[in-house]
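Below: the structure, in structure tokens.
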Amino acid sequence: MTQARGTCLADAPLHVPLQVLSVSDVGAMTDRLVEFGMTPGARVEILRRAPWSGPLLIRLRHFVLTMRPDAARAVRVQAAGEQPDG
Amino acid sequence: MAEIALAGNPNTGKTTLFNQLTGLSAHVGNYPGITVDRRTGTREVGNQSWHLHDLPGTYSLVASSPEEQIAHHVLTGQYGDAAFDAVIVVIDPMNLARNLFLLLQVAELGLPVVAALNMMDAAKEGGLSLEVDDLHHALGCPVVPMVARRGDGVAALEAAVASVIADPSRGQVRQTAWPAIVDRALKAAQSIPEVQARADGDARWYLATRPVVLNAERAGLGDEVQTALADANIDVSELRRAMVHARYAWLDPLVERVTTRSPRPPSWTTRIDRFALHPVAGTALFLLVMGVLFQAVFAWSDPAIDAIDGGASAASAWIASLLPAGLLKDVLIDGVLAGVAGTLVFVPQITVLFLGISLLEDTGYLARTAFLIDRIMRMAGLPGKSFVPLLSSFACNVPGVMAARTIASPADRMVTMLIAPLMTCSARLPVYAVVIAAVFAHSEPVFGFLSLGGLILTGLYLLGVVVALLVAFVLRRTVFQGESAPLLLEMPPYRRPRTGNVLRVVWRRLRHFLVETGSVIVALTVVLWALMTFPHSELPTDHPAQVAVTTTQAETPARKTAEARLDHAKQRHQLEHSIAGRMGKTIEPAIAPLGFDWRIGIGLIGSFAAREVLIPVMGQVYGRGAEAEDEDAFNTAVGDSLVRFSGMTPLVGLSLMVFFAIAMQCMSTIAVLQRETASWRWPIFAVVYLNTLAYLLSLAVYQGGQALGYT
């Protein structure tokens, strides 16, 4: 399953170019994420994590957005340029 | 007349372009049932007249907020608008794919589109070069590069729109290549009679006009579509996701082809954010900015408020001198004029607050505050955006409630507006000051150095906040169930604020407040005046104050004092025998368990106008103030009377202050809630829940205090 691949965006390292593998469908929030352009292959980078599991600051494609870690848990990513295994 | 809509993502300069196109003809109205501004205007082009509609900024036509729903509803004619001859989609070239995504959705509705590539100067600065011709050929619709702020490209845009009006096929966008599931869904939809009725038998528009339902109920597409899709074995959420992916799959290579990005050093925005979003430095900056905003609303609008107060008394004195004594004069001065003045006093605070908010919004900082404060607000189940409205409510609940408009989710906005009255506003302070001076002034300092009065004041502020958080928690789990709107917010680049935009926002809010809320405030003031005036009652001729006047020699200082006393006696007598006065006596059994007598009862009814009115009303009840030379002396006299006549003890004083901390004693807040929610249901709900809570808490304080042996 695609779920198992890569890491979850909520746990991904800071300042590392990443690419989206998949976004699971867990509600209106993830719909909006995908409409924002969080589609498979899109580039993302975590710019900042607010303390005490506060919101994340993320560069998606060419803009910056903020989201809560629970939304980021729906997104699977891997290091940019890496070949998807399988 | 040609109908033209302006659509676009937020932060694309869409409103700037709208203002460029419509100039002074812009008109602001409301959409039915929701308090979202509807901006329209006209532009004369050659011998044609264009009617322009500025849609709320949106990332998608699949709505996740009421503002986005409006964009969809307007475009699909659900507000009864005529079909649009052209839709200008304003696009930020720096985020081409995400912006073109919206353009595709608009085109899928079957509407002719023109792409306005705005802020080309910023794109160039950001190292982006764009093959405009290639983009035009790839999309099919006209593509106009422009800098709306400077008016660059407006003529070209005008020409492009005119060509699309003349020949709608020029505004068509090339078909997105849909995956099999979409084709299957389209095929399934062919069985729907409404689709068959269309000449071209194209079901695409049908699916495209349903996405709002699609998102809101996440399954319900309308029965026949649902059945058709279910029959064809199509999963709705999979279909929705496939349509999004298909648009990006078509757009991504296209964008790749027409854009080149040269590397640039980190932008100003990136550099500022390193500081402004830093956990320590950013929080300090946030506290500073909020401190200045609060200080501005709380203190800097004072001179203007005083000036308005002064002007209002001068105006009522002038009108009083023109009119013969009588009921007409009274209703005009104590009802209508008092209501108008009661509306105008809010103008300085609203102006200052909205100047601040729209400056923060325009520069891009407001979005950052949501990032900084989200963790704390989340604990209360509130979005970061409710911070500014709640903070402003400490100055005054009225602009605070109005500021909740920046919150997109209706449930979040409603909860914020309903708890805003619990923030200790400045109108409560005079009440606290008089009561604390009357019963706590001579108390021993706590731990030898903390004044008890100061501690109580702090406690009352905290009480409001704690109760507000609890109420928000409860409301979130009962009336407004479901998770708080997800924090998913674009951080726009920092920008210099545009004076015109900022002033326009302030003016719109002010005008709305003066016209809409003002009329409700005036009406309520007249009602309250009538309650305190009718039925008319004469002071008995054998009343000591009456006798004192007749027995003192005319034109002497003693006679002057006696006349002033007689005036107060008359007022007091009238108030006591008015409907409000009788109500005060009627409710005495109900408020006695809180430690209040009927005099305080009248005060509670009278101060429904505004909390600080308690002091003058109590002055009237006690017939005091004749001797008072200034406000301080008057306040002291009222405080003394509370102790002497109403038997106020420290415990009763505490009970009264707790009541004022919680209760909704402010009809301006009620009026603004009525306007902002477009219904009487929520203001009534607020009055009932707040006053019930206030009653119960006061009861607990007084009865509990007595049980513990306090007085």
Which heavy atom in [X] sits nearest to a heavy atom in [Y], and how many Å separate them?
| X | Y | answer |
| --- | --- | --- |
| B:Phe371 | A:Thr66 | CD1-OG1, 3.2 Å |
| B:Asp273 | A:Arg48 | O-NH2, 4.1 Å |
| A:Pro40 | B:His245 | CD-NE2, 3.5 Å |
| A:Glu35 | B:Ser60 | OE2-OG, 2.8 Å |

Measure from the side-chain N and O atoms of [X] to the backbone N and O of [Y], and report whether any donor-acceptor pair falls under 3.5 Å.
| X | Y | value |
| --- | --- | --- |
| B:Arg375 | A:Pro55 | no |
| B:Tyr248 | A:Gly37 | yes |
| B:Arg241 | A:Val23 | yes |

Subject >> Short N-O contact, A:Arg61 and B:Asp252, less than 4.0 angstrom >> reply: yes
**OP:** Check the pair B:Arg261 / A:His62 against side chain to side chain donor-acceptor pair (under 3.5 Å), numbers first and verdict last.
**Re:** CA-CA 11 Å; B:Arg261 280 176 192 265; A:His62 299 286; 3.1 Å; yes
**OP:** Identify which part of A:Leu33 has an atom lying under 4.5 Å from any heavy atom of chain B, answering side chain, backbone, both or neither.
**Re:** both
Original post:
Relative to chain B, which segment of A:Ile58 carries a heavy atom at a distance below 4.5 Å: side chain, backbone, both, or neither?
Top reply: neither
Original post:
Got B:Leu488 and A:Leu65 here, is their nearest side-chain heavy-atom distance under 4.5 Å?
Top reply: yes
How far does [atom1] of [X] sit from [atom2] of [Y], to the nearest 0.5 angstrom?
| X | Y | atom1 | atom2 | value |
| --- | --- | --- | --- | --- |
| A:Asp31 | B:Arg240 | CG | CZ | 4.0 Å |
| A:Trp52 | B:Met379 | CH2 | CE | 9.5 Å |
| B:Leu277 | A:Leu47 | CG | CG | 9.5 Å |

Original post:
Quick one: is the NZ or CZ of B:Arg98 closer than 6.0 Å to the six-membered ring centre of A:Phe63, and within 45° of its axis?
Top reply: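 Output yes; distance and angle both within limits.
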Subject >> Pairs of heavy atoms under 4.5 Å with chain A: top-ranked of B:Glu238, B:His278, B:Arg274 >> reply: B:His278
Subject >> Residue, of A:Val34, A:Thr39, A:Leu60, that accumulates the most heavy atom pairs under 4.5 Å with chain B >> reply: A:Val34
Original post:
Residue by residue, which of residues 121-128 of chain B have a heavy atom closer than 4.5 Å to a heavy atom belonging to chain A?
Top reply: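 Near chain A, by residue number: none.
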